Amino acid sequence: MDKYIEECGVVGLFSTDKVDLFPTLYNSLITMQHRGQESCGIAYSNTDNITCYKNMGLVNEVFSNNKFNKLEGYLGIGHVRYSTFGESNVVNAQPILDKFSLGSIAIAHNGNITNASILKKELKNFKFNTTSDSEVILKLIQKYYDTSMEKTLASIVNKLEGGFSCVLLTNNELYAFRDLQGIRPLCIGKVNNAFVVCSESCVLDILGGEFIRDILPGEILKIDSNGVKSFKLSKYAKCNTCAFEYIYFSRIDSIIDGVSVYNSRFKAGETLYNEHPVDADIVIGVPDSGITAALGYSKASSIPYTTGFVRNSFVGRSFIKPSQVKRNETVSLKLNIIKENIEGKRVVVVDDSMLRGTTCKKIVSLLKDAGAKEIHYRLASPVVKSSCCLGINTSNTELLGSSMNLNEICKSVGVNSLGYISIDGFMNSLGNKKNACLKCFLKYKKLS
C-alpha cells in the first residue's frame, strides 16, 4: 500500500472511585482503531493486582466475550497496535505486563525506540518475553529503579531514542510520558471523575469529556489519588510533531498539539490549488484522508467537488498487509469508482500522500477504465524522499520520491499532471505551529 504504517494508539484511565473501567477503555480503543488494526488489549488494576487481556484482531473482535463487560477497578490502560518493531503476534500485543521485586507494571506504547537493539545488549542479563521495543522500557525500569517510579522514569527516558508516547500502570498509579521532541501525540482530559490520557483528543469528545491539554514533549505525568503531578525532563525539549499525524495518521476531529487536523488538511487543499492550479471539471478525494484536502482544493479553485469513490469500510488499511500481492488485493477490495461521475470528465484527484505508488497506480487505472478524460493527481504531502529515521519501516528503495523527479513520477503513475504541496505550504497549513518533524521530506546525503 502507498502509505506509511499506522502508529499505535494508547489510552490511560485513573478514577478516584472504583468503577467499571471497561466502557471507557473499550470506547477509547474503538475511537482509535484507525491507529492500529493488528491487535489490541486492556490492562487494569483494582489496587491489589494488575490483570491484562489482549489478542490479535480488532477491538470489537477481541472484546466480544461477555466476560469483559465489567472490569471493576480504579485505573487501567489500553492499546491498539500496528507493529513498528517486533513480530506481529499475540506475544507482542500490548499492554505488556511484567513483574519485578517491587510489584507488577504494565505499559502501552505508541512509537518506536530506535536504539532498542543497543539497549537490549545493556540488558542482556534480563529475560525478555517479547521482541517488542516496548519491553525494553520495562526492563530499564527494573534495572535502574531508584526510590520512586517518577524518579526512575526521569532517568531512563533520557536513554530512549526515537519517537514515543507511553502510558504506564502500577497497582496504584498511572504514568504518562512523551519523547523530548514530541514526535508522537499524547493529551490529557477529564471524564466525569476520572482522568483520561490518550493519543488523540477525539477520544475525549466521544467520551463526553473535557480536554485539558497536550502532554508536553519530555514531560512525565503521575496520576494517583492525590491528583496529577507533572515532571519536566528538559528545558531543551521542543515539539516536533510527526507531519504525518496531520497528513494521515490522526482522525480529522482531533486537535494535535494545538492544531486542528481538519483545518490543516482543508488549508493544505487550498494551498495545493494555489501551488498547482489546473483546469478541470471535477475534484474528487481519495477516502478517507484525502477528502478534506479535496474540499479545500475545490473551494480555492471553484471546481465542483463530487464523490468519485465508494470505500469499503470493512477492509483494513492496506499497507498493513505483509506482501505487495496482498496490498494490491486489499486496494482492489477497498475502493470502487462511481463511473457516472467520472466518465468524460477532466478529474483532479486529491490524495494525502504517495510512497511506493501502489495505490495511485490502481486509482489511475480505475479512473481510466471509468472513462476519465484527464487525470490530474494532487498530494497534500510534500514529496517523501527518505525513509523515516524514527522507525517507520519503508526503505528508500521503495520510495518513488527518493529516486525519481516529478516528471518521472508523473510518467510512472500514468497521469496528465502531478503536484505535491511544498514544505512551506504544508507548514503554513498548520497555522501558528512553528515546528514539525519533516525529516522524511528531506533527501539524506550518504556519508563518503
Side-chain angles (χ1 to χ4, degrees), residues 10-19 21 24-25 28 43-48 50 73-79 95 98 100 102-111 134 137-138 140-160 164-201 203-204 207 209-239 255 257-258:
V10 302
V11 60
L13 166 66
F14 186 96
S15 174
T16 53
D17 305 312
K18 192 173 186 179
V19 296
L21 300 166
T24 298
L25 293 173
S28 298
Y44 74 103
S45 172
N46 58 12
T47 72
D48 293 325
I50 297 175
Y74 293 89
L75 61 163
I77 60 176
H79 190 268
D98 204 357
F100 69 124
L102 294 172
S104 297
I105 49 175
I107 193 168
H109 163 219
N110 167 30
S134 307
I137 301 173
L138 296 180
L140 287 171
I141 290 171
Q142 295 173 37
K143 179 175 181 177
Y144 291 102
Y145 191 86
D146 182 11
T147 67
S148 71
M149 185 62 72
E150 53 266 35
K151 187 174 181 181
T152 305
L153 288 175
S155 172
I156 70 165
V157 166
N158 286 320
K159 293 179 173 290
L160 304 175
F164 54 87
S165 59
C166 302
V167 287
L168 182 80
L169 188 68
T170 69
N171 282 349
N172 301 287
E173 302 158 332
L174 173 67
Y175 292 88
F177 54 98
R178 197 174 173 195
D179 67 82
L180 288 169
Q181 294 187 74
I183 301 295
R184 299 294 159 220
L186 199 61
C187 65
I188 183 171
K190 197 95 181 275
V191 180
N192 299 321
N193 293 322
F195 287 103
V196 174
V197 175
C198 46
S199 294
E200 293 192 35
S201 66
V203 170
L204 300 168
L207 297 175
E210 171 195 2
F211 174 83
I212 296 176
R213 66 177 178 87
D214 293 297
I215 294 172
L216 300 176
E219 183 178 22
I220 298 171
L221 289 187
K222 175 185 178 181
I223 309 173
D224 61 11
S225 57
N226 295 315
V228 180
K229 187 174 181 181
S230 170
F231 301 86
K232 305 280 178 35
L233 284 181
S234 173
K235 65 181 180 179
Y236 301 108
K238 189 176 184 180
C239 191
I255 309 292
D257 289 320

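Computed from a predicted structure; not experimentally measured.
- Taken from CG in L75 to CG in L169, the straight-line distance is 4.5 Å, to the nearest 0.5 Å.
- Counting all heavy atoms, side chain and backbone alike, A106 lies closest to A43 at CB-CB, 4.1 Å.
- The CE atom of M149 sits 10.0 Å away from the NZ atom of K222 when rounded to the nearest 0.5 Å.
- For the atom pair CG (L153) and CG (L168), the distance works out to 6.0 Å, reported to the nearest 0.5 Å.
- Within the model, atoms NZ of K159 and CD1 of I156 stand 9.5 Å from one another, a figure rounded to the nearest 0.5 Å.
- Counting only heavy atoms from C-beta outward, the side chains of I223 and I188 approach each other to under 4.5 Å.
- With contacts defined as side-chain heavy-atom distances shorter than 4.5 Å, the pair L207/C198 does not qualify.
- Listed by first and then second residue, the side-chain hydrogen bond (donor to acceptor under 3.5 Å, both in side chains) pairs involving residues 210-219 are R213-E219, E219-S230 (not counting sequence neighbours).
- Closest of all the heavy-atom pairs between A154 and I220 is N-CD1, 3.5 Å.
- The shortest non-hydrogen separation linking S201 to I255 is OG-N, 2.7 Å.
- For the pair V11/V196, a side-chain contact is recorded, criterion being any heavy-atom separation below 4.5 Å from C-beta on.
- The two residues N172 and F14 have their closest heavy-atom pair at O-CE1, 3.5 Å.
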Given the rule in the side chain to side chain contact (heavy atoms under 4.5 Å, CB included) test, do Y44 and L13 qualify, once you have shown the distances and angles that lead to the verdict? CA-CA 9 Å; Y44 74 103; L13 166 66; over 6 Å; no
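- Looking only at side-chain heavy atoms (C-beta outward), L140 and L160 come within less than 4.5 Å of each other.
- Here the CG atom belonging to D146 is positioned 6.0 Å from the OG1 atom belonging to T152, to the nearest 0.5 angstrom.
- Under the 3.5 Å distance criterion, the side-chain polar atoms of D224 are left unmatched by any main-chain donor or acceptor of E173.
- Looking only at side-chain heavy atoms (C-beta outward), I137 and C166 come within less than 4.5 Å of each other.
- The shortest heavy-atom contact between G78 and P95 is CA-CG, 4.5 Å.
- Between L21 and S45, the shortest heavy-atom distance links the atoms CD1-O, 4.4 Å.
- Other residues, nucleotides and ligands contribute over 12 non-hydrogen atoms within 6.0 Å of the CG atom of D48.
- Between L186 and V197 there is a side-chain heavy-atom pair separated by less than 4.5 Å.
- Side-chain N or O atoms of S199 include one that pairs as donor or acceptor with a backbone N or O of V10 at under 3.5 Å.
- Looking only at side-chain heavy atoms (C-beta outward), F195 and L174 stay at 4.5 Å or farther from each other.
- Shown here is K229, whose NZ atom has no more than 12 heavy atoms of other residues, nucleotides or ligands within 6.0 Å.
- Using a 4.5 Å heavy-atom cutoff, the side chains of Y236 and L180 are not in contact.
- Atoms CG and CD1, on L138 and I107 in that order, are 5.0 Å from each other to the nearest 0.5 Å.
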